[in-house]
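Reckoned from all heavy atoms, side chains included, excluding hydrogens, waters and symmetry mates. Residue numbers run from 1 in the order of the sequence given.
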Amino acid sequence: TSVDVNQLYPVQDEALTVTVNLLNSSNVVSGNFNVQLYDQFLQNGVTQNILLGHQTVSGLGLGVSASQFSWTPSLVGQHTLKVVIDPQNQINENNESNNQFIWDITVDSKYPNVAIYQPSNNSVIGKGINFIGGVLDAKDRFIVNNVNLVWTSNVDGMVGNGQHLL
């Protein structure tokens with residue numbers, strides 16, 4: 001059993017197709033059974049376990065069969081996709097312990113990430129410091145060039161703009 005997602009870097013509020021590839025390694029065609037997909041994530045210190053969907057598989061012969069689910073993640077952060085095969089134990093199997101599969105996935109914000117690259121954390125601050133900032137497009141995974149960052153200070157307000165501030 002394996003899980004595939006149609007986007008390498010999932011983004012908040014964008015639909016994904018989750019494909020669950022089921023493997024029957026016995027030489028007997030199974031009867032009907034259910035497949036469930038859950039989203040597990042931490043919210044306010046509590047693990048949430050949300051059923052995303054379920055499907056009935058009508059007999060699985062020797063080999064692989066695929067079940068597809070649609071998922072639109074609304075929360076940014078770490079998620080665990082959990083597949084439960086035959087949750088009601090309808091199929092008599094030699095190995096009942098391989099009916100769950102988990103896959104960790106990180107959902108990025110739909111908004112670009114702005115970061116200060118220089119000076120780095122815990123740098124000594126003094127006169128003549130060169131600030132360098134940039135933008136990472138979370139969806140396409142590239143650094144956006146030629147951005148116009150607006151640099152502000154809690155004390156002085158706006159102090160400059162552009163990718164560099166001296």
Side-chain angles (χ1 to χ4, degrees), residues 1-26 30-60 63-123 131-145 147 149-152 154 163:
T1 300
S2 66
V3 176
D4 296 315
V5 178
N6 69 328
Q7 290 184 25
L8 185 58
Y9 302 107
V11 176
Q12 169 189 26
D13 295 332
E14 289 192 12
L16 301 170
T17 300
V18 179
T19 302
V20 178
N21 300 301
L22 304 167
L23 173 64
N24 181 354
S25 57
S26 76
S30 74
N32 296 347
F33 61 93
N34 291 319
V35 177
Q36 298 173 333
L37 178 66
Y38 291 88
D39 175 19
Q40 295 179 324
F41 56 93
L42 198 60
Q43 186 176 35
N44 299 323
V46 177
T47 299
Q48 305 295 319
N49 197 33
I50 307 298
L51 178 64
L52 298 176
H54 61 89
Q55 295 180 6
T56 299
V57 175
S58 299
L60 179 59
V64 177
S65 176
S67 293
Q68 290 191 328
F69 298 88
S70 181
W71 175 45
T72 304
S74 60
L75 296 175
V76 172
Q78 186 69 31
H79 295 255
T80 298
L81 296 179
K82 177 180 166 186
V83 176
V84 180
I85 302 164
D86 190 24
Q88 294 85 15
N89 288 321
Q90 295 170 293
I91 304 299
N92 187 14
E93 303 172 67
N94 291 334
N95 184 359
E96 292 283 352
S97 67
N98 64 354
N99 287 350
Q100 290 193 18
F101 185 82
I102 60 171
W103 193 60
D104 292 327
I105 189 168
T106 301
V107 175
D108 288 320
S109 172
K110 60 186 170 184
Y111 303 106
N113 298 310
V114 178
I116 297 174
Y117 302 120
Q118 187 178 324
S120 60
N121 289 342
N122 300 320
S123 293
F131 288 90
I132 300 174
V135 177
L136 174 67
D137 183 300
K139 180 178 178 185
D140 298 321
R141 286 288 194 228
F142 65 85
I143 296 175
V144 180
N145 293 317
V147 294
L149 299 175
V150 176
W151 297 86
T152 60
N154 291 350
Q163 281 187 277

Engineer: Can you list the residues that meet the side chain to side chain contact (heavy atoms under 4.5 Å, CB included) rule with T72, with sequence neighbours excluded?
Structural biologist: A15

Engineer: Checking D86 now: which residues fulfil side-chain hydrogen bond (donor to acceptor under 3.5 Å, both in side chains) with it, not counting sequence neighbours?
Structural biologist: none

Engineer: Just verifying a value: how many Å separate L51 CG and K82 NZ, rounded to the nearest 0.5 Å?
Structural biologist: 10.5 Å

Engineer: Could you tell me the separation between the CG atom of L37 and the CZ atom of F69, rounded to the nearest 0.5 Å?
Structural biologist: 5.5 Å

Engineer: What heavy-atom pair brings V135 and P112 nearest, and what distance separates the two atoms?
Structural biologist: CG1-CB, 3.5 Å

Engineer: What pairs with N32 under side chain to side chain contact (heavy atoms under 4.5 Å, CB included), at least two apart in sequence or on another chain?
Structural biologist: T56, S58

Engineer: Might you point out which heavy atoms bring P87 and N34 nearest each other, and give the distance in Å?
Structural biologist: CD-O, 3.4 Å

Engineer: Starting from the C-alpha separation in whole Å, work towards a yes-or-no answer on side-chain contact (heavy atoms from CB on, under 4.5 Å) for I91 and I85.
Structural biologist: CA-CA 10 Å; I91 304 299; I85 302 164; over 6 Å; no

Engineer: Does any non-hydrogen side-chain atom of L52 lie less than 4.5 Å from one of L81?
Structural biologist: yes

Engineer: Taking only residues two or more places apart in sequence or in another chain, which ones pass side chain to side chain contact (heavy atoms under 4.5 Å, CB included) with N49?
Structural biologist: Y38, Q40

Engineer: Taking the side chain as C-beta and beyond, is there a heavy-atom pair between D39 and P73 under 4.5 Å?
Structural biologist: no

Engineer: Output every pair passing ring pair (Phe, Tyr, Trp, His ring centres under 6.0 Å) with a member in residues 75-106, not counting sequence neighbours, ordered by first then second residue.
Structural biologist: F41-H79, W71-H79

Engineer: Can you name the salt bridge (charged side-chain N to carboxylate O under 4.0 Å, His left out) partners of D4, sequence neighbours left out?
Structural biologist: none

Engineer: Among residues at least two apart in sequence or on other chains, which ones pass side-chain hydrogen bond (donor to acceptor under 3.5 Å, both in side chains) with D104?
Structural biologist: T80

Engineer: Between V11 and V107, which heavy-atom pair has the shortest distance, and what is it?
Structural biologist: C-CG1, 3.9 Å

Engineer: Once you round to the nearest 0.5 Å, how far does CG of N99 lie from CD of Q36?
Structural biologist: 11.5 Å

Engineer: Tell me every residue that passes side-chain hydrogen bond (donor to acceptor under 3.5 Å, both in side chains) with Q68, counting only those two or more places apart in sequence or in another chain.
Structural biologist: T19

Engineer: Between S30 (side chain) and L60 (backbone), is there a donor-acceptor pair under 3.5 Å?
Structural biologist: yes

Engineer: Kindly give the heavy-atom pair with the smallest separation between Q12 and S74, and that separation in Å.
Structural biologist: NE2-O, 3.3 Å

Engineer: Listed by chain and number, what are the side chain to side chain contact (heavy atoms under 4.5 Å, CB included) partners of L42, not counting sequence neighbours?
Structural biologist: T47

Engineer: Under the side-chain hydrogen bond (donor to acceptor under 3.5 Å, both in side chains) rule, collect the residues that match up with S2, sequence neighbours excluded.
Structural biologist: N21

